[in-house]
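Note sheet for the following structure.
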2 protein chains.
Amino acid sequence: MSVPSPIIEPRHGQRSAFVTEHVRDLIVSGELKPGSRINERILVEKLNISRTPLREAFKVLEGEGLVSIRPNVGATVVALTLEAVEDSIEILIGLESIGAERAARRATPEAIEEITQLHERMVEAFQSHELMSYFHLNQEIHQKIIDAAQNAALSRVYAGESARIRRFRFAGNNDLNRWDRAVREHEQILDALVRREGPLLREILRAHHLSGWRAARLALEQTPSGEP
Amino acid sequence: MSVPSPIIEPRHGQRSAFVTEHVRDLIVSGELKPGSRINERILVEKLNISRTPLREAFKVLEGEGLVSIRPNVGATVVALTLEAVEDSIEILIGLESIGAERAARRATPEAIEEITQLHERMVEAFQSHELMSYFHLNQEIHQKIIDAAQNAALSRVYAGESARIRRFRFAGNNDLNRWDRAVREHEQILDALVRREGPLLREILRAHHLSGWRAARLALEQTPSGEP
DNA sequence: GTACTTTATTTTGCATGCAATACGCTCGCT
DNA sequence: AGCGAGCGTATTGCATGCAAAATAAAGTAC
């Protein structure tokens, strides 16, 4: 998957944000290889912007854990090991455990309605085999459940950690059996939320993530480099 | 507490990091007031550096949640509400719960030894009433316990969230009774870790944070602005 | 041929200047 | 006096140039 080059110049005051988003996509899509150094000049020419916003983007992405900056050397795409991803998954599960019980208690009817609609759209994406849109809706549902817990810190931390390892989780969706199973698990998740059964929701989410990661890990271990 | 101005110029390739640290101190110490806009020119003159590294520092601090950047307006010191801090505390407790059980199982003897030494230094600081050094050692102990769990993502997320609200937690240490109690709680924490009693460690840590935050919150509610 | 200097080139880090935007102020109007 | 339009100033966003450092290349000794 290739990230298109910008045709229209971003407006004044949004260059930095634009560049950040673009470089993030380049990393997440794998176009910038994990472990490789990022040459500023090349990217600057490609994106048609100056080095200033690019270097600001690097700082942001470093905060997100996508690149690492060494003084006088520059930015390097972080190469995550499977173990590091597993660490993140464990934290995500922990955060969802915290969020699940709170969400079951505190979710507004509007939030539940929104999640239900997302769920239905996700099922549609599944039925028409639109993997990409399924994947995004899936992620969004999990984030919305967390948001329903109404803890700003939780939402922020979860979003950050989730973004970090997004590309790795994508790998698990290739198998159709797994995909089908994931959708059924999501049915249960929604059901538990609607019935506001906190502990149940927590356990389903936990199992859901574990089986999802098992599938992703299997797929990832096939690739020789250990990269998505 | 006032943050001293730099006398020696930081070395090439470290200006940005230096500025980040300095501005972070200015925010944490309260010298830059929550909710106020940060004027680049003034800081640039004060720190004797150019705007480039300062603006990079803003991006980093934005990632840490200490400032918010609006396009064409600039950086504003984030004003946390007590509710937002409470949200973070809840996450920190959750993260320590995850970390506690793992740490009890996986902590190396070296890690335990290191934490024991930190604890002893902390007790000394307490006995000689060195509040600042007590506070820092206290924070370091909690981080080291988390680190002992050997989950890189956990360490990173915990460190970030902990830094965000550091200045608020400081407020709870003013009362000598509370201080004494906290030290005794830390004795128990260390004991549970040494004996590798995960669930116990988890519960003590939880209670420790809750009572600490209760004290801090009380102190903070006295101040009219709700700021430390 | 290999290992170690020394030099040239590239690349990064920072300072600075210009353009775009936001902010404050005066002035006119009601 | 209160309010809004227009203008001037201050401030931010970005591009660019120069200096420091790192990397690559050439040369030299062994």
Side-chain angles (χ1 to χ4, degrees), chain A residues 5-24 26-27 31-64 66-79, chain B residues 5-24 26-27 31-64 66-79:
Chain A
S5 283
I7 298 157
I8 317 160
E9 289 273 307
R11 290 184 50 197
H12 182 87
Q14 308 199 350
R15 284 224 199 350
S16 180
F18 163 82
V19 173
T20 304
E21 205 167 322
H22 200 92
V23 176
R24 188 191 294 116
L26 288 174
I27 294 173
E31 210 158 322
L32 287 171
K33 302 257 158 46
S36 69
R37 279 176 60 178
I38 304 175
N39 187 303
E40 289 182 5
R41 188 178 47 78
I42 294 172
L43 261 183
V44 157
E45 287 168 8
K46 186 169 177 177
L47 300 183
N48 216 39
I49 39 87
S50 79
R51 288 173 55 213
T52 309
L54 177 59
R55 291 177 53 79
E56 290 183 359
F58 285 162
K59 292 288 180 182
V60 173
L61 296 171
E62 185 182 37
E64 295 177 8
L66 290 174
V67 310
S68 106
I69 300 176
R70 277 171 301 171
N72 300 319
V73 174
T76 304
V77 182
V78 166
Chain B
S5 283
I7 299 156
I8 317 161
E9 290 272 308
R11 290 184 47 198
H12 182 87
Q14 308 199 349
R15 285 227 199 348
S16 179
F18 163 81
V19 173
T20 304
E21 205 167 322
H22 201 91
V23 177
R24 188 191 293 115
L26 287 174
I27 294 173
E31 210 158 322
L32 287 171
K33 302 255 158 45
S36 69
R37 279 178 59 181
I38 304 176
N39 187 305
E40 290 182 3
R41 186 179 48 78
I42 293 172
L43 261 184
V44 157
E45 287 169 7
K46 187 170 177 178
L47 300 183
N48 216 41
I49 40 86
S50 81
R51 287 174 56 215
T52 309
L54 177 59
R55 291 176 54 78
E56 290 183 358
F58 285 162
K59 292 287 180 182
V60 173
L61 295 171
E62 185 182 36
E64 295 177 9
L66 290 175
V67 311
S68 103
I69 300 177
R70 277 172 300 172
N72 299 320
V73 175
T76 304
V77 182
V78 167

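Each chain gets a letter, A, B and so on, in the order its sequence line appears, and its residues count up from 1.
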With sugar-phosphate meaning primed atoms plus P, OP1 and OP2, does A:I38 contact a base, only sugar-phosphate, or nothing at under 4.0 Å between heavy atoms?
sugar-phosphate

Take atom CZ of B:R55 and atom P of D:dA15, then tell me their distance rounded to the nearest Å.
12 Å

Just how far is it from atom CG of B:L54 to atom CZ of B:R15, taken to the nearest 0.5 Å?
13.5 Å

Over how many whole Å does the gap from B:R41 atom CZ to D:dT9 atom P extend?
15 Å

What nitrogen or oxygen pairs link the protein and nucleotides 20-23 of chain C at under 3.5 Å?
| from | atom 1 | to | atom 2 | distance (Å) |
| --- | --- | --- | --- | --- |
| C:dT21 | O3' | B:N72 | ND2 | 3.4 |
| C:dC23 | OP1 | B:R37 | NH1 | 3.4 |

d(B:I49 CD1, B:L43 CG) to nearest 0.5 Å is 7.5 Å

Rounded distance (Å) that lies between atom C1' of D:dA15 and atom CG of A:L54
13 Å

Per the side-chain hydrogen bond (donor to acceptor under 3.5 Å, both in side chains) rule, which among B:E21, B:E56, B:R55 passes with B:S16?
B:E56

Expressed as a whole number of angstroms, how long is the span from A:F58:CZ to C:dG13:C1'?
13 Å

Over all heavy atoms of both residues, which pair between A:P71 and B:G13 is shortest? Give the atoms and the distance, please.
CB-O, 3.3 Å

Starting from P on C:dA15, measure out to CZ on B:F18 and report it in whole angstrom.
11 Å

Tell me: CD of B:Q14 to C1' of C:dG13, nearest whole Å?
11 Å

What is the nucleic acid contact for B:R51, judged by heavy atoms within less than 4.0 Å: base, sugar-phosphate only, or nothing?
base

Length of the line joining A:E40:CD and D:dT23:P, which is rounded to integer Å:
14 Å

Drop me the distance from B:I38's CD1 to B:E40's CD, to the nearest 0.5 angstrom.
9.5 Å

Point-to-point distance, once rounded to the nearest 0.5 Å, from CZ of A:F58 to OG1 of A:T76:
9.5 Å

Nearest-neighbour nucleotide for the A:T52 side chain, D:dA15, C:dT12, D:dT11 considered:
D:dA15

Nearest-neighbour nucleotide for the B:I49 side chain, D:dT12, D:dT11, C:dA15 considered
C:dA15

Gap separating the NZ atom of B:K46 from the CD atom of B:E31, nearest 0.5 angstrom:
4.5 Å

Write down the distance between CD1 (B:I69) and C1' (D:dT11), rounded to a whole number of angstrom.
15 Å

